[in-house]
2 protein chains.
Amino acid sequence: MSEYPPPQRGRTDAGRHLTGGDGCGYHRVRLLVSTSQPPKSIPQIRSSTEFARYVGLARTTVSRVLNGQPGLKKKTIDRVQQAIQETGFVPNAYALHLKGKRTATVGICMETLFTPPITRKLALLQRRLRDDNFSSLIEVYESGGARNVVRHFLSMRVDAIAFIGHFDEEQFAGHLAELRANATPHVVIDHLGIKGANTVALDRVKGMEFVMNHLLDLGHRTFGLLGFAGTVRSTRDRVRGIRQALAGRGLDFDQCTFSWDHLHPRNNDFEFGGLLAKSFVVHGRPATALVALNDEIAAGAIRGLQEQGVRVPADVSVTGFNNQDLCLMTTPELTSVDQRMEETVSAAADLILSQIGKPLRARPVVRMVEPALVVRDSTAAAQAR
Amino acid sequence: MSEYPPPQRGRTDAGRHLTGGDGCGYHRVRLLVSTSQPPKSIPQIRSSTEFARYVGLARTTVSRVLNGQPGLKKKTIDRVQQAIQETGFVPNAYALHLKGKRTATVGICMETLFTPPITRKLALLQRRLRDDNFSSLIEVYESGGARNVVRHFLSMRVDAIAFIGHFDEEQFAGHLAELRANATPHVVIDHLGIKGANTVALDRVKGMEFVMNHLLDLGHRTFGLLGFAGTVRSTRDRVRGIRQALAGRGLDFDQCTFSWDHLHPRNNDFEFGGLLAKSFVVHGRPATALVALNDEIAAGAIRGLQEQGVRVPADVSVTGFNNQDLCLMTTPELTSVDQRMEETVSAAADLILSQIGKPLRARPVVRMVEPALVVRDSTAAAQAR
DNA sequence: CGGATATTCGGACACTTGTCCGAATCGTAT
DNA sequence: ATACGATTCGGACAAGTGTCCGAATATCCG
């Protein structure tokens with residue numbers, strides 16, 4: 001799994017429901033039927049042949065009008081335009097592709113659509129692709145149906161495929177082989193380490209180094225790590241960043257860091273952060289700074305600390321990761337690491353778009369995007385206790 | 001525009017950047033090239049003809065294998081399967097459609113991909129469509145290119161189109177005419193009031209009635225309205241809900257409600273909420289409850305109040321709308337209105353899926369989804385001052 | 001009205017696939 | 001070796017579109 005746990009249905013339903021909400025179907029749904037004008041007597045146009053018949057011109061003539069060829073009377077062109085207005089005829093893109101035209105479609109495969117960072121990347125990528133006149137076919141990757149996703153994209157003759165999130169590395173080898181066999185370019189966004197895959201990913205090692213150096217500069221020497229127990233590559237990279245930063249100052253990882261991850265379930269990250277903060281307090285606050293895996297955990301930790309009467313950042317500093325909008329909503333505002341998603345997505349788009357229509361590169365390209373530390377008010381100089 | 005202002009690039013970049021981040025290109029991006037195995041000598045297979053040649057069978061025989069027809073030797077079937085493994089051959093979906101097969105694709109057109117409620121609806125809709133073996137082609141609607149979106153969907157012969165968000169009502173009439181002419185079913189999610197459109201929308205009137213009745217039951221009689229100045233239908237509906245609830249208790253809207261919307265720009269809703277709360281305090285706190293248009297504004301208002309030394313809910317109650325995850329992250333947790341998106345999306349999916357392959361309904365269908373009030377800790381009995 | 005030019009017509013082909021069908025080939029039993 | 005049933009072959013067609021091209025028609029000028 002990724003940095004985010006799977007979505008929980010009804011996670012925000014924790015309050016008391018006063019009205020509605022028994023969650024058993026549509027009986028809660030009112031049905032209204034409004035009046036409307038009767039349908040006009042325009043025939044169903046399903047092909048250029050039928051359309052030409054409707055206009056009263058030869059199919060070839062209509063085709064020439066639609067494709068802007070010269071040698072046509074203005075009157076003829078107007079007649080066709082008029083008929084398009086009337087019938088809403090649109091040529092079949094599938095037939096065009098069969099004639100050799102590119103589909104101008106990019107497949108986007110995501111781990112999930114339920115986490116903010118991934119949907120934000122989707123949004124950025126879609127915008128970029130649209131600007132380049134490509135449309136986006138989306139699929140969510142599920143461990144079982146993964147192969148079907150790729151095969152479906154290939155059957156749709158997408159010009160390229162982008163994968164966003166974290167995927168099964170073993171299955172991925174098979175996908176890459178299929179993509180290579182079909183000369184379809186690809187890029188993997190934010191899953192570093194897939195062998196043979198073109199990859200654009202945030203340098204999470206460096207991100208955590210930034211965080212740690214910032215805290216070390218503020219005089220912190222003991223750190224509580226919140227949520228770093230995972231074995232996913234992106235988590236391991238962050239731990240490595242922490243290790244390296246500490247090593248850079250001659251400090252020992254095992255002596256400087258503490259973790260209470262094993263004490264609590266990780267369902268809702270915000271809640272998880274709160275529980276971790278409480279364990280931290282209960283265990284005598286053995287650190288001056290809490291370093292969280294992501295913003296949600298950090299925000300939960302801030303809340304948890306405050307509920308225990310611990311001041312942030314006067315008593316304890318807290319850091320997040322991802323620099324989501326949430327960072328501005330905590331009190332104090334949260335120091336975090338910005339993913340520079342625009343950079344990531346832009347580089348990924350460049351990577352696939354530059355390969356479309358050309359022979360595939362023999363060697364995979366890996367691009368690392370450097371994150372940026374955003375310092376806000378949740379971090380301050382370490383206080384002697 | 002909708003309830004949400006347009007996305008602001010770099011909205012979360014408000015802190016001090018210590019590292020990286022001059023925002024001028026890719027020089028920040030390191031490039032690594034990893035080694036890989038040389039490409040194998042498997043030919044590019046572009047059609048079933050080429051594939052059959054590769055296998056050494058007749059194209060028709062291969063086709064029969066691929067489509068599971070009887071009367072084939074096991075050895076032949078195995079040979080084909082083997083060749084698929086080797087070449088990654090996938091039949092062209094475009095040719096299949098030309099043979100009359102449905103595209104099994106639904107177009108999803110969104111106002112934007114940058115707001116949580118809309119992307120969440122996208123996620124839910126995509127999951128439902130996928131469960132029904134449809135794939136999702138997405139486009140973002142921009143006032144200028146709107147017509148192209150619909151025409152593109154039609155040229156892609158999508159089986160249906162779903163619109164999510166708020167759209168230009170005048171342009172929409174044209175879209176509906178085109179959809180009708182092409183016998184393509186549609187549904188509009190959450191933009192109530194488009195003439196002739198099949199619509200599924202939250203009953204925002206009722207939502208605000210729930211909020212107001214809840215507050216009225218708690219003894220509140222004066223209300224600060226945060227962010228209700230917009231003229232969009234969804235905003236007007238909410239104001240109507242407030243009016244109706246007050247009228248139901250014999251109270252006068254103009255005497256009971258206050259607004260400071262005109263005093264502040266609405267860029268970032270969270271910030272906007274904070275500014276509104278401060279105006280509320282500066283103007284002598286003429287209300288006992290603040291009713292916000294959405295959760296972000298409410299969260300900002302809570303923060304703003306607290307910064308001014310006003311306690312929530314002891315001194316002032318605050319309510320949100322949408323019941324996002326954010327509601328659990330404020331202190332105190334935020335009373336809000338749940339959109340019941342699962343209901344909405346499910347009803348919308350039913351509406352379009354039930355129409356695919358059948359003649360279009362003559363009259364548009366409008367379904368209202370009843371929201372649910374979720375009471376948390378940001379609302380309490382009105383305090384005499 | 002004759003002739004020249006400008007348009008339009010309509011048949012043909014290609015793109016890829018699934019299916020039909022008669023002909024050819026394989027495998028096996030006699 | 002022959003015959004028969006089981007497979008496979010390969011030509012043909014259809015789907016919708018763009019393009020080519022010779023033939024047909026419309027338009028214009030004198």
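To find a chain, count down the sequence lines: A is the first, B the second, and so on, and within it residues start at 1.
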*Kindly say whether, by distance alone, the side chain of A/Arg59 makes a donor-acceptor pair under 3.5 Å with the base of D/dG18?*
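In this structure, the two groups form a donor-acceptor pair.
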_Heavy-atom check, side chain of A/Leu360 versus side chain of A/Thr184, under 4.5 Å_ =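 Counting from C-beta outward, A/Leu360 and A/Thr184 never come under 4.5 Å.
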Check the interface with nucleotides 21-27 of chain C: list each N/O to N/O pair with the protein under 3.5 Å, or write none.
none

*Test log, rule salt bridge (Lys or Arg N to Asp or Glu O under 4.0 Å), inputs B/Arg127 and B/Glu342*: CA-CA 11 Å; B/Arg127 184 164 69 188; B/Glu342 286 82 358; 5.8 Å; no
*Residues A/Gln81, A/Gln85; criterion side chain to side chain donor-acceptor pair (under 3.5 Å); working and verdict*: CA-CA 6 Å; A/Gln81 302 287 10; A/Gln85 289 294 326; over 6 Å; no
*Does B/Thr61 have a side-chain nitrogen or oxygen under 4.0 Å from the phosphate oxygens OP1 or OP2 of D/dC9?*
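Yes, because at least one side-chain N or O of B/Thr61 sits under 4.0 Å from OP1 or OP2 of D/dC9.
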_Measuring to OP1 and OP2 of D/dT17, would you say a side-chain N or O of A/Ser48 lies under 4.0 angstrom away?_
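Looking at the OP1 and OP2 atoms of D/dT17, one of them is under 4.0 Å from a side-chain N or O of A/Ser48.
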_Against A/Ile108, only a single residue in A/Ile161, A/Leu137, A/Ile138 fulfils side chain to side chain contact (heavy atoms under 4.5 Å, CB included); can you say which?_
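Output: one option passes, namely A/Ile138.
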Length of the line joining [X]:[atom1] and [N]:[atom2], which is rounded to integer Å:
| X | N | atom1 | atom2 | answer |
| --- | --- | --- | --- | --- |
| B/Arg53 | C/dT17 | CZ | P | 12 Å |
| B/Glu50 | C/dA14 | CD | P | 16 Å |
| B/Leu154 | D/dG16 | CG | P | 16 Å |
| A/Phe51 | D/dG18 | CZ | P | 11 Å |
| A/Gln69 | D/dT17 | CD | C1' | 12 Å |
| A/Leu72 | D/dT19 | CG | P | 12 Å |

*Ignoring the backbone of A/Asn67, work out which of C/dT19, D/dT17, D/dG18 is nearest its side chain.*
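For A/Asn67, the side-chain atoms sit closest to D/dG18.
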_From the set D/dT17, C/dT16, C/dC9, return the single nucleotide nearest to any side-chain atom of A/Leu57._
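Nearest to the side-chain atoms of A/Leu57, counting from C-beta on, is C/dC9.
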*List the steps and the verdict of side chain to side chain contact (heavy atoms under 4.5 Å, CB included) for B/Gln355 and B/Val365.*
CA-CA 12 Å; B/Gln355 283 185 92; B/Val365 174; over 6 Å; no
*salt bridge (Lys or Arg N to Asp or Glu O under 4.0 Å) evaluation trace for A/Arg128 with A/Asp350*: CA-CA 10 Å; A/Arg128 167 65 188 279; A/Asp350 289 345; 2.7 Å; yes
*So, B/Arg151 and B/Glu178, do they make that salt bridge, N to O below 4.0 Å?*
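A salt bridge links B/Arg151 with B/Glu178.
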*salt bridge (Lys or Arg N to Asp or Glu O under 4.0 Å) between A/Glu169 and A/Lys195, worked out*: CA-CA 8 Å; A/Glu169 298 197 7; A/Lys195 202 176 168 188; over 6 Å; no
*Can you sort out which residues in residues 88-104 of chain A have a heavy atom within less than 4.0 Å of DNA chain D? Ascending by number, please.*
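By residue number: A/Phe89, A/Pro91, A/Asn92, A/Ala95, A/Leu96, A/Lys99.
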_Does A/Tyr141 form a ring pair (Phe, Tyr, Trp, His ring centres under 6.0 Å) with A/Phe163? I'd like the steps, not just the answer._
CA-CA 9 Å; A/Tyr141 188 102; A/Phe163 297 87; 7.0 Å; no
